[in-house]
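This structure is a prediction, so every number in the text was calculated from the model and none was measured. For the single chain, residues carry numbers from 1 onward in sequence order.
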Amino acid sequence: MKAKLSILITMMVMLFGTLGFSQISLAKIYASDSQDSTYKRIKERGYITLGTSPDYAPYEFQTTQNGKSTDVGMDISIAKKIAKDLGVKLKIKNMDFDSLLVGLQTHKVDMILAGMNPSPAREKSVDFSNVYYNGGQSMLINKKDAGLYKDKSSFVNKKVAAQTGSIQYNLAKKQISGASVTGIEKGTDLILALQTNKVDGVVMEKPSAEAFAANNPSLKVIKGGFKLSGTDSSTAVALPKNSPVLKAHINSTIKEIKDQGLIPQYLKKAGSHLKSNTVNTSMSHYWKFFALGVGYTLLISVCSVFFGFLTGTLLAFMRLSKNKVFHAIAVAYIEFVRGTPLMVQLMFVYFGLGLFVNLPALTAGIIAVSLNSGAYVAEVIRGGINSIDKGQTEAAQSLGLSSRDQMRFVIMPQALKNIWPALGNEFISLIKESSIVSIIGVTDLIYQLKIVQSDTYRGVAPIIVAMVLYFVMTFSLSKVLEHYEGKFNHA
């Protein structure tokens, strides 16, 4: 199953998680909807928000319809039926799989359908519906190696890959003797590692393995032969703790799906989308995806440069201030931001502050990147101001300039000239660092790169396109900065 639980998410779950509550009888559940705040909120606003990670065909992935990217797959079909049975609309929020559980606990989403395994570890933090699908664990190999491998027993002392922290990863670690097991985040990257002979085989859930093999003639599925427990191959809907009414409604829908035998239909429909995705896998066919990614990347970068510069300037003056309180606040902020990863800061802004303010993913991304950049810009500006000879200040004072005018007309112009290259490097870095926002579902260039990889089953070509686009953006900016640097030098 797609069961990734990284250390980061474990920490976030511990921070924002809620305690489990005792179960309530169904009679009492239906007697009062007020016992389920999630269900009540869904009915009041008229829509339910699905959290998913559309890179796991045939469960959830994206396809192009009328020039637009659309979420499809078995899980999406199930989610649509759940929404229909509830009498509400379905809204889909895409994000990295690692972020989904935290998103559920901080009310960014109301339910998760993402090929998720109802493991005991997860059940401590969220509730699960009844199981709606039981798959199996298979292995993918290169077709040219079909004569070498039959099942997991053939991979003794070989190189094997699986999704990081997943059920498949744990199975490979425990049940393939002497194997070197590599954890890789994305399914498309797993396939790329296999095709480039970085690994000998990939452990993957049966439906996903078959989807990749069906659309890539160089791959072959073989049986896994793993010893599986009841939960190692099951998939369920994840729900917030203490949501008994919503859980009862979803379980009712799942029962209807099983009774009517709808799962095979959903998988067949997903298969038709997979085939349409591979009809034209040229990168030019996906130019709108890359164009949208570039647009969001530039938007985030421009906003972050503007607000980061303002924040950095303020922090620099606060740190240079003789006021001990201002100085202490600036030092504490700068050291804290520089001492923590941007990814953690982003998740705190989006999920942590999300407990109090429901920030859109794009807004949260701009805020996090701006605040992070501000700390580094502050040190650049402070260094530039300190680099100005004290004689300049004394000369300005002899002319009768006020402290404000000294800084405005004498110190800052010279400091800006000195720090312009360093500021330019920070602005260029922002274009690349903004890629981190893809983990919360912002459709920047990296996010679109992953979608194109998932749609086309081509690992390298989308990466090359993204590299070229990033180079064009950063090179263009560097030339603009060089132009103004030349003006400063001749001023």
S.K.: Answer yes or no: is there a donor N or O on one side and an acceptor on the other, between the side chain of Ser138 and the main chain of Lys223, under 3.5 Å?
M.R.: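 No, Ser138 side chain to Lys223 backbone: no donor-acceptor pair under 3.5 Å.
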S.K.: Would you mind reporting whether Tyr376 and Leu430 have side-chain heavy atoms less than 4.5 Å apart?
M.R.: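 Of all side-chain heavy-atom pairs linking Tyr376 with Leu430, none is under 4.5 Å.
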S.K.: Decide yes or no for Phe226 and Val203: does some side-chain heavy atom of the first lie under 4.5 Å from some side-chain heavy atom of the second?
M.R.: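 When only atoms from C-beta onward are counted, Val203 and Phe226 do touch, with a gap below 4.5 Å.
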S.K.: Taking the side chain as C-beta and beyond, is there a heavy-atom pair between Leu262 and Lys81 under 4.5 Å?
M.R.: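 A side-chain contact under 4.5 Å exists here.
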S.K.: Got a second to check how far Leu104's CG is from Leu239's CG, nearest 0.5 Å?
M.R.: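 The CG atom of Leu239 is 7.0 Å from CG of Leu104, to the nearest 0.5 Å.
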S.K.: Should we say atom NZ of Lys268 is surrounded by more than 12 heavy atoms from elsewhere, each under 6.0 Å from it?
M.R.: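 Atom NZ in Lys268 is not packed in, count stays at 12 or less.
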S.K.: Verify whether one side chain among Gln168 and Glu205 offers a donor that lies under 3.5 Å from an acceptor in the other.
M.R.: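 Glu205 and Gln168 do not have a side-chain donor-acceptor pair below 3.5 Å.
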S.K.: How long is the straight-line distance from CD1 of Ile48 back to CG of Leu90, given to the nearest 0.5 Å?
M.R.: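 Those atoms lie 7.5 Å apart.
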S.K.: Can you confirm whether the side chains of Asn130 and Lys247 place a donor and an acceptor under 3.5 Å from each other?
M.R.: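 The answer is no; no qualifying pair exists.
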S.K.: For Val221 versus Ala209, what's the shortest heavy-atom pair and its separation?
M.R.: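 In this case the closest contact between Val221 and Ala209 is CG2-O, 3.5 Å.
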S.K.: Would Ile431 and Tyr470 satisfy side-chain contact (heavy atoms from CB on, under 4.5 Å), going step by step from the backbone distance to the final call?
M.R.: CA-CA 8 Å; Ile431 294 178; Tyr470 271 116; 4.1 Å; yes
S.K.: Which heavy atom of Ser304 sits nearest a heavy atom of Ser370, and at what distance?
M.R.: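 Here Ser304 and Ser370 meet closest at CA-OG, 3.2 Å.
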S.K.: Between Pro58 and Ala270, which heavy-atom pair has the shortest distance, and what is it?
M.R.: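 Closest heavy-atom pair between Pro58 and Ala270: O-CB, 3.7 Å.
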S.K.: For Ser373 and Glu426, does a side-chain donor sit closer than 3.5 Å to a side-chain acceptor?
M.R.: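 Result is yes, a qualifying pair exists.
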S.K.: How far does OG of Ser243 sit from OH of Tyr39, to the nearest 0.5 angstrom?
M.R.: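 Going from OG on Ser243 over to OH on Tyr39, the span is 12.5 Å.
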S.K.: Angle between ring planes, Phe155 versus Tyr149, binned at 30° and 60°: parallel, tilted or perpendicular?
M.R.: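 Because their plane-to-plane angle is under 30°, the rings of Phe155 and Tyr149 count as parallel.
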S.K.: How far does CD1 of Ile367 sit from CG of Leu359, to the nearest 0.5 angstrom?
M.R.: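 The distance works out to 5.0 Å.
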S.K.: Show the nearest heavy-atom pair for residues Gly51 and Val109, with the distance to one decimal.
M.R.: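 In terms of heavy atoms, the two residues are closest at CA-CG1, 3.6 Å.
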S.K.: Where the side chain of Asp200 meets the backbone of Lys159, is there a donor-acceptor pair that is under 3.5 Å apart?
M.R.: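 Yes, Asp200 side chain to Lys159 backbone: donor-acceptor pair under 3.5 Å.
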S.K.: Answer yes or no: does atom CZ of Phe290 have more than 12 heavy-atom neighbours from other residues, nucleotides or ligands under 6.0 Å?
M.R.: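 Atom CZ in Phe290 is crowded, with more than 12 foreign heavy atoms closer than 6.0 Å.
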S.K.: Report the relative orientation of the aromatic rings in His273 and Phe61; use parallel for angles under 30°, tilted for 30 to 60°, perpendicular for over 60°.
M.R.: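 Ring orientation of His273 relative to Phe61: perpendicular.
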S.K.: Within the 4.5 Å heavy-atom criterion, are Asn142 and Leu219 side-chain neighbours or not?
M.R.: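 Yes, their side chains come closer than 4.5 Å.
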S.K.: For the CD1 atom of Ile42 and the NZ atom of Lys91, what is their distance to the nearest 0.5 Å?
M.R.: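 Answer rounded to 0.5 Å: 12.5 Å.
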S.K.: Start with the C-alpha distance between Gln448 and Thr443, add both sets of side-chain angles, then the distance that settles side-chain contact (heavy atoms from CB on, under 4.5 Å), and finish with yes or no.
M.R.: CA-CA 6 Å; Gln448 298 294 355; Thr443 54; 3.4 Å; yes
S.K.: Is a donor from one side chain sitting under 3.5 angstrom from an acceptor on the other, for Tyr47 and Asp110?
M.R.: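 No, no side-chain donor-acceptor contact under 3.5 Å.
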S.K.: Where is the tightest heavy-atom contact between Ile440 and Met95, given as atom of each residue plus distance?
M.R.: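 So the two residues come closest at C-CB, 3.7 Å.
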S.K.: Within a strict 4.5 Å, meaning less than it, do heavy atoms of the Tyr350 and Thr106 side chains meet?
M.R.: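 Answer no - side chains too far apart.
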S.K.: Looking only at atom types and distance, does a side-chain atom of Lys108 sit under 3.5 Å from a main-chain N or O of Leu100, one as donor and one as acceptor?
M.R.: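 Such a contact is absent between Lys108 side chain and Leu100 backbone.
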S.K.: Taking the basic N atoms (NZ, or NE/NH1/NH2) and the acidic carboxylate oxygens, is any pair closer than 4.0 Å for Lys40 and Asp36?
M.R.: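 Looking at Asp36 together with Lys40, the answer is no, because their closest N to O distance does not fall below 4.0 Å.
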S.K.: Would the distance check show the side chain of Ser429 and the main-chain N or O of Asn425 forming a donor-acceptor pair, the cut-off being under 3.5 Å?
M.R.: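 Confirmed, Ser429 side chain pairs with Asn425 backbone.
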S.K.: Is there side-chain contact between Val88 and Lys43, with at least one heavy-atom pair below 4.5 Å?
M.R.: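 Touching, per the 4.5 Å side-chain cut-off.
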S.K.: Do Ile191 and Gln453 touch side chain to side chain, with heavy atoms closer than 4.5 Å?
M.R.: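 No, too far: nothing below the 4.5 Å cut-off.
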S.K.: Compare every heavy atom of Pro54 with every heavy atom of Asp71, then report the nearest pair and how far apart it is.
M.R.: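 Shortest heavy-atom contact: OD1-CB, 3.5 Å.
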S.K.: As an exercise, state the distance from CE of Met139 to CG of Asp151, rounded to the nearest 0.5 Å.
M.R.: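 If I round to the nearest 0.5 Å, the distance is 9.0 Å.
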S.K.: Decide yes or no on side-chain contact (heavy atoms from CB on, under 4.5 Å) for Val337 and Leu371, but give the supporting numbers first.
M.R.: CA-CA 8 Å; Val337 170; Leu371 293 178; 5.8 Å; no
S.K.: Do Gln62 and Asn94 make a side-chain contact, defined as non-hydrogen atoms from C-beta onward lying under 4.5 Å apart?
M.R.: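 Yes, close enough: below the 4.5 Å cut-off.
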S.K.: Just do the side-chain contact (heavy atoms from CB on, under 4.5 Å) check on Thr52 and Leu113 with the steps written out, would you?
M.R.: CA-CA 6 Å; Thr52 192; Leu113 281 95; 5.6 Å; no
